[in-house]
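Chain identifiers are assigned alphabetically (A, B, ...) following the order of the sequence lines, protein sequences preceding nucleic acid strands; residue numbering begins at 1 within each chain.
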Amino acid sequence: MVKELFIQGNEACAEGALKAGCRFFAGYPITPSTEVAETLAIKLPAYKGSFVQMEDEIGAAGAIIGGSWGGSKSMTATSGPGFSLMQENIGYAFMSETPIVIVDVQRGSPSTGQPTMVGQGDMMQARWGSHGDYEPIALSPSSVQEFFDFTVEAFNLAEKFRTPVFVMADEIVGHMREKIIIPDKIDIVPRKMPESQKDFLPFKNNGINPMPSFGEGFDIHVTGLTHDERGYPDANNPKTHDTLVRRLSSKILDNKKDIVSTQKDFCEEADIVVVSYGAPFRSALNAVNIARDDGLKVGSFKLNTPWPFPEAEIREISKNASHIIVVEMNLGQIYWEVERVACSNSKTHLIGKIGGEIPKPNEILAEIKKVGGN
Amino acid sequence: MREDIRIAGFGGQGVILSGIIVGKAASLFDNKNAVQTQSYGPEARGGASRCEVVISDETIDYPKVQNPDIFVAMSHEALMTYIDDLKDGGTLIIDPGTITESEIEEFVKEHNIKLYRAPATEIATNEIKLKIVANIVMIGAFVKITNAISKEAAIKAIEDSVPSGTEEKNIQAFEAGYNFV
Amino acid sequence: MPDEKSPFLKYLREDRLPTIFCPGCGIGTIINSFLKGVNEAELDFDNLALVSGIGCSSRIPGYIQSDSLHTTHGRAISFATGLKVSNSDLDVVVFTGDGDAASIGGNHLIHAARRNINLTVICINNNIYGMTGGQISPTSPKGSFGSTAPYGTTDNPFNLAELVATAGASYSARWTTLKIHHVVRSIKDALKNPGFSFVEVISQCPTYFGRKNKLRSPVDMISYMKNNTVFKAQVPSLSRKELEGKIIVGEFANTKKPEFVENIKELSKSKSDSEPIQNSAYLEEF
């Protein structure tokens, strides 16, 4: 049965997780993400799943990695300070190719910053927060429906590529209420048990491997150390390390076409394109619509997946656009990615709004008019 | 058409629930679009409480309310804190029992505000004999005055939002507010 | 006995031998005791899941033929918590050391004990950081030397078995690598105990602790342990002075308490008429 609900983004995230097959959640309370945990604490027992409140976010990240190897799709939800604490185990999940979903409902930062106010200061932390080279996948919802949809997608991508996936939401999307439609059936990606225990190589050097769970007789060894195809530590071997880390990166980069998602409005003939993601998209689209009513050639480009960064798509936009305005709630994080890709074709501008409020449409409109020479 | 609504009062009056009911009524039962937001944090516990709803026939992009078309004030403190944001020609609904009206007379006149009085607390206390349903009484008055949501949708949204077993009392409260105006 | 193979060799990942452990290290003895304990508890080896953090002791799971999760420093118990909750049929055993469990992982240790989650934690306490080259740990005796305590540590050590018992574990014991029969029996009891079980084994690290504390050979270390061990039962008859610097061995908790995962299962049953589904990640629909 199709369900229509008027709920908060954080509740929609929990609904999406349940629909995608999440049956294990471990977390630690933190504003403004707590409703995700609270909703799952209520609902998981009825869905034959388990909820654990851990002692801290480090433990929460560890527990969901353990939960995933135990055979459950696993998730945690947090905000900036908790995301910082999780980074070491996030690196472990990348290295051990453990599918998990981590939801970050971003607030004003750095440090404890603004617990109840909105921010997007963790975008580069999602990209580079843990030490070393890895290629993250991150999705940024800009509505309650998208928070549901993108959480489902996060689980699917995590399973498809055997990797951690981030849902980089923000306080506005997490806390606001809107109508969402939950379809009866959604496409989910189930995990694949390897066919045979004999000669099974869990970390085979050929892209994405099936993943057994513990207790199925595979006698798998999982480690964060540089490991060979069997999973055995081989940390002093330059070739083993090079092969492993390059494979982990290329399994994402070679599949960018399958992963990257963007939404383009009026970009074809736009001279000015406004790039945004998450809640600020809503102000950006409003400003673009007003500017177009005024006769300006303006388009909106939304990153559904800030990571991996949609380089090809931004480059394409830059061929026509003289100006690209990036709107985000930090002092320039995704902006520099856009600048890196578009600088030879377009002039780039940043509206970096901090303070805990989303940029207002008239602020973006003013910038559009300024760069457009009006 | 987009309508920006702000409801404010003090903690414990059920201000947030009122906003949720209005948003739910519009989006689930009137087939319009609605976004509800609210203030969070220490300032939301006790003291002032604030909740906003945007209702529109079209897709709602910017989700926040800057200058409301409609402002429902359930306490004097909330009224004085937010009245300046109200649009010229906007609608102001006050609960006269909780407000010193003389302090806003000038503003109402200058900005051409349409002022309505809905004694929600008094009706809830004396007529329904249950002070905590003042917010629902206020929704009744709000619906009659503004037509922002339909009466049918409001009733369905109330039934869907209040604790089970309290529906009847709440609908009674809604009707009392609706019929007063 | 050059041709005599250990009866436990079949439980090891032979392709990974020899181990990285130093000559004279106590870990080998503890691996043997563990395998014996598993046998005596009559557990199915295929059902074992070994979890560890970082440090010498945390390398043990890599040598045992079973599913094993070698995790980040101090966090093994949190990974093990998720693993056990996700699949409660597994016999989850954590191998850890004094630095891993009591310093960086101290919070996870006490909270797992508080929850009384059905894990068996074997903590190999050698009073020093071996993997990084001999720094003092939270269990280093006052006055002992390490590369980060060149003048002798003035810190007070943790009494781990007692700490864990106080935090709520239903089983907690301490032995030394000299008391092998006790170690085996405790591991067996711990594995069979349906709750949080902690077995602390005081072990020798001749390479670092010995070298820095004038106990250079394994024999010196073993003699030191032998001469300084006191059974818990003897404690009341000894004076404070007599107990100074002594290793007190015995059981510190052995009781029955409600278990964490069982509580989760009960909740699930009350809300859905079923225990949590296992291997749900592999389901094509829900």
Side-chain angles (χ1 to χ4, degrees), chain A residues 3-11 31-35 79 105 107-108 112-118 142-145 170-181 265 274 276 278-290 300 302 327 356-365, chain B residues 2 4-7 11 15-45 47-68 85 149 153-154 156-162:
Chain A
K3 268 201 291 187
E4 287 191 4
L5 302 168
F6 185 74
I7 53 175
Q8 281 192 315
N10 285 341
E11 296 172 283
T31 306
S33 77
T34 307
E35 294 85 359
S79 189
V105 186
R107 64 194 224 184
T112 6
Q114 299 174 287
T116 62
M117 304 289 271
V118 73
S142 60
S143 67
V144 174
Q145 181 72 51
D170 54 63
E171 186 274 339
I172 297 277
V173 172
H175 275 161
M176 72 184 179
R177 286 183 176 82
E178 284 183 305
K179 179 170 94 172
I180 68 157
I181 298 169
D265 293 284
V274 181
S276 65
F281 161 73
R282 303 173 70 116
S283 302
L285 189 63
N286 184 297
V288 165
N289 278 322
I290 297 170
S300 160
K302 170 172 171 260
V327 185
E357 289 173 331
I358 64 167
K360 295 185 174 78
N362 55 13
E363 295 170 48
I364 300 168
L365 189 62
Chain B
R2 173 175 169 139
D4 286 15
I5 301 158
R6 174 173 292 155
I7 307 169
V15 162
I16 306 288
L17 181 64
S18 316
I20 295 172
I21 288 170
V22 171
K24 196 182 269 186
S27 68
L28 295 188
F29 304 116
D30 274 342
N31 280 320
K32 291 183 181 180
N33 294 299
V35 180
Q36 179 267 341
T37 55
Q38 67 207 54
S39 57
Y40 269 87
E43 71 273 15
R45 308 197 210 292
S49 175
R50 187 183 102 198
C51 173
E52 281 136 4
V53 188
V54 180
I55 298 176
S56 178
D57 301 315
E58 286 153 35
T59 306
I60 298 166
D61 35 41
Y62 183 67
K64 290 281 188 173
V65 170
Q66 299 179 59
N67 299 109
D85 294 341
I149 51 174
K156 281 186 199 162
I158 290 168
E159 287 171 342
D160 196 56
S161 306
V162 300

Under a 4.5 Å heavy-atom cut-off, does chain B meet the side chain of [X], its backbone, both or neither?
X      : answer
A:P359 : backbone
A:E171 : side chain
A:I172 : side chain

Open item on the list: Would the distance check show the side chain of A:D170 and the main-chain N or O of A:V173 forming a donor-acceptor pair, the cut-off being under 3.5 Å?
Closed with: yes

Task: Residues in side chain to side chain donor-acceptor pair (under 3.5 Å) contact with A:Q145, at least two apart in sequence or another chain - done: A:D149

TODO: Tell me, with the steps shown, if B:R2 and B:D4 meet salt bridge (charged side-chain N to carboxylate O under 4.0 Å, His left out).
DONE: CA-CA 7 Å; B:R2 173 175 169 139; B:D4 286 15; 2.9 Å; yes

- [ ] Output the option from B:V35, B:D160, B:I60 having the highest count of non-hydrogen pairs under 4.5 Å with chain A.
- [x] B:V35

- [ ] Write out all pairs satisfying side chain to side chain donor-acceptor pair (under 3.5 Å) with one or both partners inside residues 53-66 of chain B, taking only residues at least two apart or from two chains.
- [x] A:N286-B:D61

